[in-house]
Amino acid sequence: MVSDPGAGCGDQETRGIMWREAGPGTVVTRPCPAHTEGVAVRECQGGGRGWGAAHLGDCRARWLAQVSDGYRGGVSAVTTTENIMTQLKR
């Protein structure tokens, strides 16, 4: 059976992300899954091969993003630790 080389990719939910229909060769970006921040990327492969693997390398847990942002912003380690402890108690 020969795949349709012009076929795109249909809607598909993978790893908590809904990937919407796209044409072959299209690179799609979506927000990362719940409780994380960043951008997930996935390519609709040509040649009727469908969706490629989802790349979630930019997705980080929200608490880790806050620690990283605080560090870059000059927030002290003590304040950062207190903020994390407060969030963990919620």
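- Around CZ of R62, the count of heavy atoms belonging to other residues, nucleotides or ligands within 6.0 Å exceeds 12.
- Residues I17 and W51 share a hydrophobic cluster, clusters being chains of Ile/Leu/Val/Met/Phe/Trp/Tyr side chains in contact below 4.5 Å.
- You'll find the side chain of R42 stays beyond 4.5 Å of the side chain of R15, heavy atoms only.
- With rounding to the nearest 0.5 Å, the separation of CD in Q12 from SG in C44 is 10.0 Å.
- In this structure, T14 OG1 and W19 CH2 are separated by 8.0 Å, a value rounded to the nearest 0.5 Å.
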Side chains of residues 21-37: which donor-acceptor pairs under 3.5 Å do they make with residues two or more places apart or in other chains?
residue	atom	partner	partner atom	Å
T26	OG1	G23	O	2.8
R30	NE	M18	O	3.0
T36	OG1	P33	O	2.5

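- In the hydrophobic clustering (ILVMFWY side chains linked at under 4.5 Å, chained through shared members), V75 stands by itself.
- In this structure, CD in E43 is found 8.5 Å from SG in C9, a value given to the nearest 0.5 Å.
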Name the atoms and distances for all side-chain donor-acceptor pairs under 3.5 Å in residues 54-61, with sequence neighbours left out.
residue	atom	partner	partner atom	Å
D58	OD2	V39	N	2.9
R60	NH1	S68	OG	3.4

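- Put simply, the side chain of R49 gets close to the backbone of G46: a donor and an acceptor are under 3.5 Å apart.
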